[in-house]
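Predicted model only: the values in this text are computed from it and were never measured. All values below were derived from every heavy atom in this structure, side-chain atoms included, with hydrogens, water molecules and symmetry-related copies excluded.
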Amino acid sequence: MGHTQSWQKLWQAFGVQAADPQLLARLLAHWAEPHRKYHGIEHLDACLRHFVRLQEVAVRPHEVLMALWFHDAIYDIGRSDNEERSADWARTVLLDAGVESACAQRVHALIMVTRHDCAPDSTDAQVLLDIDLSILGQPPHVFARYESQIAEEFADVPLAQRRVRRSAILQQFLDRPRIYHTQLFHDLYEAQARANLAESIKALRDDR
């Protein structure tokens with residue numbers, strides 16, 4: 001299913017029969033910004049594919065899917081409020097389309113959990129986070145490409161500083177009792193994610 005068709009179907013799930021094609025074009029233009037080496041359309045499409053595997057786990061799957069469409073809609077490497085700005089945008093367009101405020105606020109809250117700074121407080125948040133972190137549990141060559149793309153995104157940060165920051169971020173994930181919250185993704189990806197993270201952290205620290 002192409003972007004336009006899936007976008008239209010998603011809005012219908014919210015009770016909006018005529019999705020705004022200009023909004024889709026704007027959203028995809030954001031995802032296609034040239035500074036996005038990892039957080040681009042390829043990442044969006046991967047998230048949409050992984051959603052298919054977990055949609056039956058979600059309580060409100062259409063809200064999770066909308067949150068995925070917007071979770072990295074705004075991605076400015078020099079700012080720390082990207083999730084908040086992306087969440088605000090999603091909430092605004094939902095409200096403008098006539099979606100009830102409680103629903104729009106739930107989507108906003110889902111996007112905010114992709115800051116990865118607190119434990120998910122709902123099943124839908126667990127589903128969203130597992131999808132966003134699915135890259136960590138991919139085969140080593142896929143994970144290595146991801147790490148290379150992240151390094152490209154932050155190429156303006158001094159190398160030594162970048163390695164310290166990156167190893168700290170990866171260590172935080174490795175230190176968690178569980179990286180994946182849903183049983184399906186835990187069974188599929190947990191062991192490989194831990195191996196990938198440990199190997200990457202070792203390489204980053206050895207290269208200092």
**OP:** Without swapping roles, check the side chain of Asn82 against the backbone of Asp76 for a donor-acceptor pair under 3.5 Å.
**Re:** yes
Original post:
Any side-chain heavy-atom pair from Pro139 and Gln192 closer than 4.5 angstrom?
Top reply: no
Original post:
So Tyr38 and His43, would you call those rings parallel, tilted or perpendicular, with 30° and 60° as cut-offs?
Top reply: tilted
Original post:
With the threshold set at 4.0 Å, does a side-chain nitrogen-carboxylate oxygen contact exist between Arg166 and Glu147?
Top reply: yes
**OP:** Report yes or no: does Arg115 contribute a side-chain atom to a donor-acceptor pair with the main-chain N or O of Glu83 at less than 3.5 Å?
**Re:** no
**OP:** Please report the closest heavy-atom contact between Ser167 and Ile201, naming both atoms and the distance.
**Re:** O-CG1, 4.1 Å
Original post:
Which pair of non-hydrogen atoms, one from Arg194 and one from Pro177, has the smallest distance, and what is that distance?
Top reply: NH2-O, 3.3 Å
Original post:
Checking Arg162 side chain against Val157 main chain: does a donor-acceptor pair fall under 3.5 Å?
Top reply: yes
Original post:
Any link between Leu68 and Tyr146 through a network of hydrophobic side chains (Ile, Leu, Val, Met, Phe, Trp, Tyr) touching at under 4.5 Å?
Top reply: yes
**OP:** Would you mind checking if Arg85 and Asp88 are paired as a salt bridge, meaning a charged N to carboxylate O distance below 4.0 Å?
**Re:** no
Subject >> Trp89 ring center within less than 6.0 Å of His108 ring center >> reply: no
Subject >> Cluster check Leu95, Val99: I/L/V/M/F/W/Y, side chain < 4.5 angstrom >> reply: no
Subject >> Sub-4.5 Å side-chain heavy-atom contact between Leu170 and Leu204 >> reply: yes
Original post:
Donor-acceptor pair, His186 side chain versus Leu184 backbone, under 3.5 Å?
Top reply: no
Original post:
Shortest non-hydrogen contact from Ile41 to Ala32?
Top reply: CD1-CB, 3.9 Å
Subject >> Residues Thr182 and Asp130: side-chain donor-acceptor under 3.5 angstrom >> reply: yes
Subject >> Spacing of CG belonging to Leu48 relative to CG belonging to Leu65, to within rounding of 0.5 Å >> reply: 6.0 Å
**OP:** Inspect the contact between Glu33 and Arg36 and indicate whether a charged nitrogen and a carboxylate oxygen are less than 4.0 angstrom apart.
**Re:** yes
Subject >> Arg53 vs Leu188 side-chain heavy atoms within contact, under 4.5 Å >> reply: yes
Original post:
Taking atom CG of Asp156 as the centre, does the number of heavy atoms from other residues, nucleotides or ligands within less than 6.0 Å exceed 12?
Top reply: no
Original post:
Do you know the tightest heavy-atom contact between Ala90 and Val107?
Top reply: CB-CG1, 4.2 Å
Original post:
Considering all heavy atoms of both residues, which atom of Asp124 and which atom of Leu110 are nearest to each other, and what is their separation?
Top reply: C-CD2, 3.7 Å
Subject >> Ile135 versus Phe143, closest heavy-atom pair with distance >> reply: O-CD1, 3.8 Å
**OP:** Verify the cluster assignment for Leu94 and Val16: are they in a single hydrophobic cluster under the rule of side-chain heavy atoms below 4.5 Å apart?
**Re:** yes
Original post:
Can you check whether His71 and Trp31 have ring centres sitting under 6.0 Å from each other?
Top reply: yes
Subject >> Hphob cluster co-occupancy, Leu28 + Phe51, side-chain heavy atoms under 4.5 angstrom >> reply: yes
**OP:** Walk me through it: do Glu100 and Arg106 pass the test side chain to side chain contact (heavy atoms under 4.5 Å, CB included)?
**Re:** CA-CA 10 Å; Glu100 64 178 26; Arg106 284 193 298 268; 4.2 Å; yes
Original post:
Among side-chain atoms of Glu153 and His39, is any donor-acceptor pair under 3.5 angstrom?
Top reply: yes
Original post:
In Å, rounded to the nearest 0.5 Å, how long is the span from CD1 of Ile131 to OG1 of Thr114?
Top reply: 12.0 Å
**OP:** Could you check whether the rings of Trp7 and Trp11 sit parallel, tilted or perpendicular, using 30° and 60° as the cut-offs?
**Re:** perpendicular
**OP:** Classify the ring geometry between Tyr189 and Phe185 as parallel (under 30°), tilted (30 to 60°) or perpendicular (over 60°).
**Re:** perpendicular
Original post:
When the ring planes of His3 and Trp69 are compared, do they come out parallel, tilted or perpendicular, using 30° and 60° as the limits?
Top reply: perpendicular
Original post:
Between the side chain of Glu190 and the main-chain N/O of Tyr180, is any donor-acceptor distance below 3.5 Å?
Top reply: yes
Original post:
Is the shortest side-chain N to carboxylate O distance from Asp45 to Arg49 below 4.0 Å?
Top reply: no
Original post:
Are Ser86 and Ile111 side-chain neighbours, meaning at least one heavy-atom pair lies under 4.5 Å?
Top reply: yes
**OP:** Please examine the side chains of Gln161 and Arg165, heavy atoms only from C-beta on, and report whether any two atoms are closer than 4.5 Å.
**Re:** yes
**OP:** Answer with yes or no after comparing the ring centroid distance for His30 and Tyr75 against a 6.0 Å cut-off, counting only values under it.
**Re:** no
**OP:** Measure from the side-chain N and O atoms of Ser6 to the backbone N and O of Gly2, and report whether any donor-acceptor pair falls under 3.5 Å.
**Re:** yes
Original post:
For Leu136, does its backbone N or O pair with a side-chain atom of Asn196 as donor and acceptor, under 3.5 Å?
Top reply: yes
Subject >> Presence of salt bridge, Glu42 and Arg145, under 4.0 angstrom >> reply: yes
Original post:
Do you reckon Phe173 sits in the same ILVMFWY cluster as Val142, going by side-chain contacts under 4.5 Å, direct or chained?
Top reply: yes
